[in-house]
Amino acid sequence: MATGEAIAEVGRDFIRDIVQADLDGKRHSTVVTRFPPEPNGYLHIGHAKSICLNFGIAEEFGGRCHLRFDDTNPTKEEQEYVDAIEADVRWLGFDWGQNLFHASDYFERLYQWAEHLIRVGLAYVDDQSQDDMRTARGTLTEPGRNSPFRDRTVEENLDLFRRMNAGEFDNGARVLRAKIDMASGNINLRDPVLYRILKAPHPRTGTTWSIYPSYDFAHGQSDAIEGITHSICTLEFEDHRPLYDWFLANLPVPSKPRQYEFARLNITYTVLSKRVLTTLVRDGHVKGWDDPRMPTLAGLRRRGVPPGAIHDFVKRIGVAKANSVVDANVLDFSIREALNKTALRRMAVLRPLKVVIENYPDGPGEELDAVNHPNNPDAGSREIKFGREIYIEREDFMETPPKKFFRLSPGMEVRLRYAYFITCREAVKNAAGEVVELRCTYDPATRGGNAPDGRKVKATIHWVSARDSRPAEVRIYNPLFSKPYPTGGEGFTADLNPQSLEVLGDARVEPALAAGSNSAEPVQFERQGYFVHDPESTPDRPVFNRTVGLRDTFAKEVTQS
RNA sequence: UGGGGGAUCGUCCAAUGGUAGGACAUCAGACUCUGACUCUGAGUAUCUAGGUUCGAAUCCUAGUCCCCCAGCCA
């Protein structure tokens with residue numbers, strides 16, 4: 001029973017079923033997976049799905065998971081990305097131990113295998129131009145034509161290939177191709193390119209190589225070298241599998257990994273495409289890879305999303321082969337669920353409206369007791385300052401309230417959380433007719449928030465002392481895209497949400513919040529949402545990022561009516 | 001019209017010939033010093049048409065729709 005529960009805990013899916021069957025059937029004694037990012041961008045939550053799958057399976061089945069950088073294209077890859085990727089995987093809580101590898105670690109062996117293919121007549125150097133190659137490849141419905149260079153001798157191929165590597169030819173002048181089948185219905189089998197000339201320094205191998213292996217030639221063999229048992233990738237590689245297997249069958253590889261494919265993650269109001277995310281950063285639509293609006297792990301982290309929320313999310317969405325788009329609500333739910341348990345409660349007023357309590361004595365005010373977490377007494381309590389002048393949330397007052405509005409309006413009584421009942425007597429307006437201040441009275445008998453006569457109020461609102469609260473900046477993040485299904489294609493910037501960032505410059509927070517300006521601890525601003533300090537915070541001017549808002553059934557009701 | 005995949009509540013994932021289930025979302029209610037949390041309840045699904053079977057989401061046949069592939073990207 002305990003095992004059954006444990007399995008239910010991690011969830012089952014078709015890949016875990018395959019792993020289990022391979023273990024049960026003694027096909028493998030241990031499971032070895034790998035996460036193989038190309039260091040040409042930051043990791044996003046779609047990668048997190050893959051990371052959790054690969055590292056998760058290794059953990060659950062007592063195997064191991066390698067981190068392998070797929071660094072076969074020095075024109076696109078950078079060290080900054082390598083560092084960021086390692087940091088992000090660690091942040092998610094995974095440890096690759098000694099198993100950090102690079103496709104470039106295998107360049108020498110891959111090169112020898114390329115010569116091997118030439119020797120057995122399964123690879124040739126092609127001098128066709130890129131255009132000619134494309135034309136000769138045929139189309140989806142018509143077969144391709146053999147290259148005029150397809151039947152060169154082994155000696156000539158070897159000579160040319162070595163000279164390609166020696167740097168004798170220009171970029172693009174020649175390629176090494178596998179000799180498979182130009183008429184295959186699977187275009188990946190129409191003599192795919194194995195090596196191309198790329199005279200670019202590589203971050204790890206420097207100028208050693210003038211040629212670099214293609215993804216197809218590098219990936220499966222790297223898996224085989226590392227003893228990967230289950231090579232898990234996304235659906236678009238499904239029709240590369242015959243090629244993956246072809247290399248394993250025709251090369252003296254030390255092991256025979258198998259490739260399995262699952263559907264990549266999509267989320268509503270979000271684009272998970274490295275190309276789009278890179279453009280967003282490059283063209284300044286966001287402030288960087290770690291902009292809290294970004295679906296990158298760095299962005300989510302800065303927004304205050306705990307790694308546990310991402311694990312929970314990944315568990316909820318499952319793993320399958322059907323293309324799908326997950327409702328962004330699921331992520332928000334996971335974030336709230338993770339934060340609700342631990343985040344300490346504080347009071348902060350995002351859009352302040354001054355309230356003067358006319359019958360409260362002027363002076364230093366008094367201290368009131370406020371609990372730090374309503375569902376966890378162990379979190380203790382704190383003292384908060386109350387006084388004659390306080391701030392409340394602008395939207396907690398309406399001069400002419402609609403039917404179901406329970407908060408403050410002229411003549412209405414509400415509770416100030418942990419303080420007193422107050423009644424609104426008058427709304428003071430400026431010349432423009434805007435409400436700039438409320439005049440209220442309080443009931444001294446309701447100290448702490450309860451009325452001795454047992455009378456009830458329909459609402460409790462948050463507040464801060466005008467004298468003791470501190471100014472703060474609060475950044476509210478909304479979906480980066482305004483459409484639930486942004487295409488991410490050409491012109492995707494038209495779908496960007498112009499309101500993705502709202503900066504609230506006049507917020508007021510409890511003094512305790514300003515004091516902890518270096519704290520990475522999440523807090524809940526009561527009735528608002530979960531927040532964390534942004535790295536740009538200073539003791540003078542704390543800056544808070546809203547991680548996610550609280551569920552707001554009242555707001556929902558309002559927008560619907 | 002070549003090749004490779006996929007279709008189950010609004011959404012995501014289960015059910016591997018035997019009561020179509022869970023989560024998110026939605027709606028209704030309870031509770032409440034957060035219109036939060038929590039709790040209770042409700043509605044909503046097997047792409048279509050045939051067939052096999054005592055019994056089909058599952059097996060067979062024929063369709064339909066969706067996704068991916070024509071980089072010297074991964």
Side-chain angles (χ1 to χ4, degrees), chain A residues 11-14 17 36-38 40 70 72-73 75-77 126 129-130 133-135 137-144 171-177 183-190 192-198 211-212 214-216 218-219 233-242 261 263 268 274-275 315-334 336-337 340-341 345 347 370-371 374-375 404-407 414-419 421 446 448-450 456-462 524-529 549-557:
Chain A
R12 300 302 311 212
D13 53 69
F14 75 98
D17 287 345
E38 183 191 13
N40 68 343
D70 225 330
T72 57
N73 188 345
T75 65
K76 295 194 172 174
E77 296 150 7
D126 195 343
S129 71
Q130 206 164 152
M133 256 184 73
R134 187 181 323 117
T135 311
R137 187 153 30 228
T139 69
L140 295 179
T141 51
E142 301 158 22
N171 286 355
R174 293 178 224 263
V175 291
L176 183 73
R177 301 178 75 177
S184 172
N186 182 342
I187 290 177
N188 294 300
L189 265 21
R190 319 242 263 228
V193 170
L194 271 35
Y195 270 92
R196 72 280 214 207
I197 300 170
L198 241 40
I211 57 173
Y212 292 92
S214 62
Y215 163 84
D216 285 308
H219 202 95
C233 62
T234 44
L235 253 30
E236 66 268 30
F237 293 103
E238 214 153 14
D239 48 17
H240 289 241
R241 186 163 11 103
E261 311 86 12
T268 54
K274 256 195 211 171
R275 198 196 97 256
K315 198 183 301 173
R316 279 171 196 281
I317 59 174
V319 179
K321 294 194 71 160
N323 292 113
S324 61
V325 184
V326 175
D327 192 328
N329 281 310
V330 181
L331 213 211
D332 284 354
F333 181 88
S334 291
R336 288 193 196 102
E337 173 134 294
N340 178 45
K341 280 181 250 164
R345 311 291 132 117
M347 290 204 284
V371 305
N375 307 328
K404 293 253 205 69
F405 186 82
F406 304 142
R407 283 106 99 150
V414 299
R415 171 167 40 232
L416 294 176
R417 187 131 161 102
Y418 302 122
F421 286 11
T446 58
N450 290 301
K456 302 282 186 199
V457 288
K458 296 192 84 171
T460 299
I461 64 173
H462 61 280
Q524 183 196 98
F525 290 175
E526 296 220 28
R527 302 206 308 132
Q528 301 280 3
L550 256 28
R551 258 184 98 229
D552 190 346
T553 40
F554 174 69
K556 204 175 295 167
E557 206 169 289

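All chains are named by letter (A, B, ...) in the order of the sequence lines, taking the proteins before the strands, and each is independently numbered beginning at 1. Only this structure's heavy atoms are used, side chains among them; waters, hydrogens and symmetry mates stay out.
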Quantified in whole Å, what is the [atom1] atom distance between nucleotide [N] and nucleotide [M]?
N: B:U52; M: B:C68; atom1: C1'; result: 34 Å
N: B:A7; M: B:A42; atom1: C1'; result: 28 Å
N: B:U53; M: B:C59; atom1: C1'; result: 10 Å

Ring centroids of A:Tyr215 and B:A74 base under 5.5 Å with planes under 30° = no

inquiry  = Expressed as a whole number of angstroms, how long is the span from A:Arg336:CZ to B:C24:P?
reply    = 12 Å

inquiry  = From NZ of A:Lys556 over to C1' of B:A25, roughly how many Å is that when rounded to an integer?
reply    = 8 Å

Establish whether the base of [N] is bridged to the side chain of [X] by a donor-acceptor pair shorter than 3.5 Å.
X: A:His462; N: B:A36; answer: no
X: A:Gln528; N: B:U34; answer: no
X: A:Asp239; N: B:G3; answer: yes

ask   = Is there a Watson-Crick or G-U wobble partner for B:C65 with both distances under 3.5 Å, and if so, which one is it?
value = B:G6

ask   = Taking a pair as Watson-Crick or G-U wobble with both distances under 3.5 Å, which nucleotide is matched to B:G43?
value = none

Does [N] have OP1 or OP2 sitting under 4.0 Å from an N or O in the side chain of [X]?
X: A:Thr72; N: B:A74; value: yes
X: A:Arg196; N: B:A74; value: yes
X: A:Lys458; N: B:U32; value: no
X: A:Arg316; N: B:C13; value: no

task = Please tell me which of A:Val319 and A:Pro374 maps to the more 5' nucleotide of RNA chain B, matching each residue to the nucleotide holding its nearest heavy atom.
result = A:Val319

ask   = Closest nucleotide of RNA chain B for A:Asn188 versus for A:Ile197: which of these residues is on the 5' side?
value = A:Asn188

Answer with base, sugar-phosphate or nothing: what part of the nucleic acid does [X] contact at a heavy-atom distance below 4.0 Å?
X: A:Ser324; answer: sugar-phosphate
X: A:Glu38; answer: sugar-phosphate
X: A:Leu140; answer: base

inquiry  = Between A:Lys404 and A:Glu557, does any NZ, NE, NH1 or NH2 come within less than 4.0 Å of an OD or OE carboxylate oxygen?
reply    = yes

